[in-house]
Number of protein chains: 2
Amino acid sequence: MTPKNLKAKAVSKVCCGTARDIPLSERDADELASVFTALSDPVRLRLLSIISSAPEGEVCACDLVAPIGKSQPTVSHHLKILFEAGLVDREKRGVWVWYWALPERMSAVASRLR
Amino acid sequence: MTPKNLKAKAVSKVCCGTARDIPLSERDADELASVFTALSDPVRLRLLSIISSAPEGEVCACDLVAPIGKSQPTVSHHLKILFEAGLVDREKRGVWVWYWALPERMSAVASRLR
DNA sequence: AGATTGTATCGACAGCCATCGATACGTTGA
DNA sequence: TCAACGTATCGATGGCTGTCGATACAATCT
């Protein structure tokens with residue numbers, strides 16, 4: 001059992017109760033953590049902000065390299081991670097690849113934070 | 001300027017417009033990314049789920065080691081990261097340290113995902 | 001076909017991070 | 001004062017990750 005609430009002053013002799021089961025399963029924790037990992041890089045967050053706020057709803061990858069200020073392989077790497085996390089989708093049109101955000105995915109993750 | 005929407009079929013000759021400014025500043029991106037980094041580990045997410053769902057609103061650190069299944073130093077390390085990210089607060093009472101969640105912080109982060 | 005251009009992949013390297021044993025610190029109780 | 005206990009810190013280690021140059025791939029244009 002978890003010890004009583006002793007916030008004020010007293011200190012119980014009894015502590016460290018028996019283990020309860022964890023609300024978040026190991027599998028769910030792994031999945032959630034993988035999404036947060038995709039969001040844990042400032043370059044990816046800025047890419048996401050550009051893509052999400054695009055007036056046309058989508059952005060050509062060629063328009064993402066210059067403002068980010070990183071090399072083209074690096075930007076491509078980050079876009080791949082965002083894509084695999086389900087945060088953006090993409091489509092190849094001719095030589096170019098267009099990216100757009102998946103807001104329902106982001107709000108789904110957000111709701112998991114209560 | 002960003003090229004026209006050519007989703008259907010045609011492919012424009014013109015692409016790769018001039019750089020717009022990024023909605024998310026570099027400073028804000030760093031700050032946000034640091035919080036997501038704190039959330040990017042399954043052990044920390046499970047710790048947070050235990051702490052957040054505690055009936056008394058708080059949990060003794062001594063009750064966190066066993067269910068997580070990691071060593072005491074490892075759990076202490078993760079709790080420190082959650083604390084420094086502003087996701088939990090803590091108070092020492094006697095020998096024990098009690099942790100509780102800061103839901104307003106989590107919802108603040110969640111709202112940043114739209 | 002060959003040249004050009006946008007994108008993704010590869011290989012390498014440096015820095016960060018999760019993990020644990022050992023240990024130090026602080027508090028309690030005898 | 002000393003022993004016991006909960007927690008935090010330290011040091012080491014293995015694995016992961018962001019970065020870039022070089023290169024491969026695919027589509028377009030001449």
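In this text, all values refer to a predicted model and were calculated from it rather than measured experimentally.
- When rounded to the nearest whole Å, the span between CD1 of A/Ile81 and P of C/dT7 equals 18 Å.
- For A/Lys92 against A/Val95, the heavy-atom pair with the smallest separation is CE-O, 4.4 Å.
- An OP1 or OP2 oxygen of D/dG18 is reached within less than 4.0 angstrom by a side-chain nitrogen or oxygen of A/Arg44.
- Taking both residues in full, the closest heavy atoms of A/His78 and A/Asp41 are given as CE1-OD1, 3.7 Å, listed atom of the first, atom of the second, then distance.
- The distance from atom NZ of B/Lys92 to atom P of C/dT28 is 9 Å, rounded to the nearest whole Å.
- Listed for the A/Ser107 side chain is no donor-acceptor partner under 3.5 Å among the backbone atoms of A/Ala110.
- When all heavy atoms of A/Cys60 and A/Trp98 are compared, the closest pair comes out as N-CE3, 3.4 Å.
- If you measure from atom CD of B/Glu84 to atom P of C/dC17, you get 12 Å, rounded to the nearest angstrom.
- Proximity of residues 27-42 of chain A to DNA chain C (heavy atom under 4.0 angstrom from any strand atom) is not detected for any residue.
- Sorted by residue number, the members of residues 64-71 of chain B with any non-hydrogen atom under 4.0 Å from DNA chain C read B/Lys70, B/Ser71.
- Here the rule is side-chain contact (heavy atoms from CB on, under 4.5 Å) with A/Leu47, and of A/Leu87, A/Ile68, A/Val59, A/Val88 only A/Ile68 fits it.
- The residue A/Tyr99 sits close only to the backbone: its heavy atoms come under 4.0 Å of sugar-phosphate atoms, none of a base.
- When the nucleotides C/dT7, D/dT19, C/dT28 are ranked by their closest atom to the side chain of B/Val95, C/dT28 comes out on top.
- Pairing each heavy atom of A/Ser53 with each of B/Pro23, the nearest pair is OG-CG, 3.1 Å.
- Going from atom CG of A/Leu79 over to atom P of C/dG6 covers 16 Å, rounded to whole Å.
- In this structure, A/Leu82 places its CG atom 15 Å from C1' of C/dA8, rounding to the nearest Å.
- Side-chain atoms of B/Arg105 come within 3.5 Å of backbone N or O of B/Ala85 as a donor-acceptor pair.
- Contact annotation: B/Arg90 reaches the phosphate of D/dA8 (side-chain N/O to OP1 or OP2, under 4.0 Å).
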Just the atom pairs and distances: protein N or O near nucleotides 9-16 of chain C's N or O, under 3.5 Å.
none

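- Shown here for A/Tyr99 and A/Ile51, the closest heavy-atom pair between the two residues is O-CG2, 3.8 Å.
- Across all their heavy atoms, A/Leu45 and B/Ala29 have their closest contact at CD1-O, 3.6 Å.
- Between the CZ atom of B/Arg46 and the P atom of C/dA18 there is a distance of 17 Å, rounded to whole Å.
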* To do: Show the numbers, then the answer: is there a side chain to side chain contact (heavy atoms under 4.5 Å, CB included) between B/Asp89 and B/Phe83?
  => CA-CA 6 Å; B/Asp89 203 356; B/Phe83 172 74; 3.4 Å; yes
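- Residue B/His78 contributes atom NE2, which lies 12 Å from atom P of C/dC17 at whole-angstrom precision.
- Put simply, the side chain of B/Ser52 never gets that close to the backbone of B/Ser49: no donor and acceptor are under 3.5 Å apart.
- Atom CG in B/Leu47 sits roughly 13 Å away from atom P in D/dT7 (whole-Å rounding).
- Residues A/Thr37 and A/Ser34 bring no donor and acceptor atom of their side chains to less than 3.5 Å of each other.
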